[in-house]
Number of protein chains: 2
Amino acid sequence: MGENLFANPEGTREQILAATYRTLRQRGYTELTISAIGEEFDKSPSLVYRHYDSKDDLVLSCLESMLDQYEQRFTEADVTDPKARLSAFLERGFPETVADDRRQFITTLVELRSLAAHDDAYRAHFTRSDEVFTTSLADIVRAGIDQGVFADCDPDRVAFYLFSTLAGAMQRRVTTEDEAWIGDVRAEVEQYLETRVYR
Amino acid sequence: MGENLFANPEGTREQILAATYRTLRQRGYTELTISAIGEEFDKSPSLVYRHYDSKDDLVLSCLESMLDQYEQRFTEADVTDPKARLSAFLERGFPETVADDRRQFITTLVELRSLAAHDDAYRAHFTRSDEVFTTSLADIVRAGIDQGVFADCDPDRVAFYLFSTLAGAMQRRVTTEDEAWIGDVRAEVEQYLETRVYR
């Protein structure tokens, strides 16, 4: 998730969300202000306030829209090569090396998730977000089983497990100095897939 | 980690850290203030300030002390039953159900870790913390291999992998509404251990 989001925003609300997305990617949550969005959007902050009550209202709407766009693009029928699809999902989740702009965005997502520990609106978002991503993963695994390329495993269990590992790796990557361990985690995920999922 | 920490604090600094630990467990990071520590400790806030410059200095010293206590207790030579030891580590990390006070403390740890995304001192702490825990895990796996009860696997890889899954599960548990998935993750971890680690 990330590429081509908000590519052609139409209408004021979508343009505001696209500017919010760019700002979150480039500057993070702490530095995001309604004024900064106004500048990025090349409009006055008052126009932003006409559509969104607060910074968190704006950020949550942006997160929801990102998730909607992901959901609209993902359809199980498209999974023609489940193994490649699963690899792409994992590569996106924890690449061995990560570019600075992507690292900034992962950092922002980890910070936003930590808000969910005390904020019901963020918690509701990340509950839905995890459901969407684990459902996609389970759909990929199910397609692999149906097509006879994956072994007879439990798609939901595999999905929850892989997604938890991926969430932990994302979190640890942006909260520690060292990331030599990422290669080890990747190698062990492959080992798990070889013995448990791939036929 | 958690039980019996700061059981018999000696001296003012240790008593302050013990009070900080109790406050972090019961009230969390956001509500922690130097004044609250003074009250908990039954001394004036000025005494706390004489030993610690700021709230974060205090919290970080508390985290460091917790980790030191864990390190002092863990010795590889004590791993007489590697399988039971590994189970206990994982049970501690993601139990199927979690009591309210433990949930509060996991929430606090997830929040503190998110500070590491932007704060070098917290980042240094969580780098060391992850090193300590993954080293313990690897020591347990290595003991199992040496004693002939575990298969010939790479202890470091297994440790980094299990720890990332555990970190992700802790984070997801306190940032989503649902935790039905925990049982699935546990079951899949067991499956992984059966095929990859246990002989």
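Because the structure is a prediction, the values reported are computed rather than measured. When reading the values below, keep in mind they use all heavy atoms of this one structure, side chains included, and skip hydrogens, waters and symmetry mates.
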Pick from A:A169, A:G28, A:A116 with the largest number of heavy-atom pairs that fall under 4.5 Å of chain B: A:A116
Show me the donor-acceptor pairs under 3.5 Å between chain B and chain A.
{"unit_1": "B:E111", "atom_1": "OE1", "unit_2": "A:H118", "atom_2": "NE2", "d": "3.0"}
{"unit_1": "B:E111", "atom_1": "OE2", "unit_2": "A:H118", "atom_2": "NE2", "d": "3.3"}
{"unit_1": "B:R113", "atom_1": "NH1", "unit_2": "A:T175", "atom_2": "OG1", "d": "2.9"}
{"unit_1": "B:S114", "atom_1": "OG", "unit_2": "A:S114", "atom_2": "OG", "d": "3.1"}
{"unit_1": "B:H118", "atom_1": "NE2", "unit_2": "A:E111", "atom_2": "OE1", "d": "3.1"}
{"unit_1": "B:H118", "atom_1": "NE2", "unit_2": "A:E111", "atom_2": "OE2", "d": "3.3"}
{"unit_1": "B:R123", "atom_1": "NH1", "unit_2": "A:T176", "atom_2": "O", "d": "3.1"}
{"unit_1": "B:R123", "atom_1": "NH2", "unit_2": "A:V174", "atom_2": "O", "d": "3.0"}
{"unit_1": "B:T127", "atom_1": "OG1", "unit_2": "A:E177", "atom_2": "N", "d": "2.8"}
{"unit_1": "B:D130", "atom_1": "OD2", "unit_2": "A:R172", "atom_2": "NE", "d": "2.7"}
{"unit_1": "B:D130", "atom_1": "OD2", "unit_2": "A:R172", "atom_2": "NH2", "d": "3.3"}
{"unit_1": "B:R157", "atom_1": "NE", "unit_2": "A:E188", "atom_2": "OE1", "d": "3.0"}
{"unit_1": "B:R157", "atom_1": "NH2", "unit_2": "A:E188", "atom_2": "OE1", "d": "3.2"}
{"unit_1": "B:Y161", "atom_1": "OH", "unit_2": "A:Y161", "atom_2": "OH", "d": "3.2"}
{"unit_1": "B:S164", "atom_1": "OG", "unit_2": "A:R172", "atom_2": "NH1", "d": "3.0"}
{"unit_1": "B:T165", "atom_1": "OG1", "unit_2": "A:T165", "atom_2": "OG1", "d": "2.8"}
{"unit_1": "B:R172", "atom_1": "NE", "unit_2": "A:D130", "atom_2": "OD2", "d": "2.7"}
{"unit_1": "B:R172", "atom_1": "NH1", "unit_2": "A:S164", "atom_2": "OG", "d": "2.9"}
{"unit_1": "B:R172", "atom_1": "NH2", "unit_2": "A:D130", "atom_2": "OD2", "d": "3.4"}
{"unit_1": "B:V174", "atom_1": "O", "unit_2": "A:R123", "atom_2": "NH2", "d": "3.0"}
{"unit_1": "B:T175", "atom_1": "OG1", "unit_2": "A:R113", "atom_2": "NH1", "d": "2.9"}
{"unit_1": "B:T176", "atom_1": "O", "unit_2": "A:R123", "atom_2": "NH1", "d": "3.0"}
{"unit_1": "B:E177", "atom_1": "N", "unit_2": "A:T127", "atom_2": "OG1", "d": "2.8"}
{"unit_1": "B:E188", "atom_1": "OE1", "unit_2": "A:R157", "atom_2": "NE", "d": "3.0"}
{"unit_1": "B:E188", "atom_1": "OE1", "unit_2": "A:R157", "atom_2": "NH2", "d": "3.2"}
{"unit_1": "B:E188", "atom_1": "OE1", "unit_2": "A:R196", "atom_2": "NH2", "d": "3.2"}
{"unit_1": "B:E188", "atom_1": "OE2", "unit_2": "A:Y192", "atom_2": "OH", "d": "2.8"}
{"unit_1": "B:E188", "atom_1": "OE2", "unit_2": "A:R196", "atom_2": "NE", "d": "2.4"}
{"unit_1": "B:E188", "atom_1": "OE2", "unit_2": "A:R196", "atom_2": "NH2", "d": "3.2"}
{"unit_1": "B:Y192", "atom_1": "OH", "unit_2": "A:E188", "atom_2": "OE2", "d": "2.8"}
{"unit_1": "B:R196", "atom_1": "NE", "unit_2": "A:E188", "atom_2": "OE2", "d": "2.4"}
{"unit_1": "B:R196", "atom_1": "NH2", "unit_2": "A:E188", "atom_2": "OE1", "d": "3.2"}
{"unit_1": "B:R196", "atom_1": "NH2", "unit_2": "A:E188", "atom_2": "OE2", "d": "3.2"}

Contact origin within A:A124 toward chain B - heavy atom pairs under 4.5 Å: both
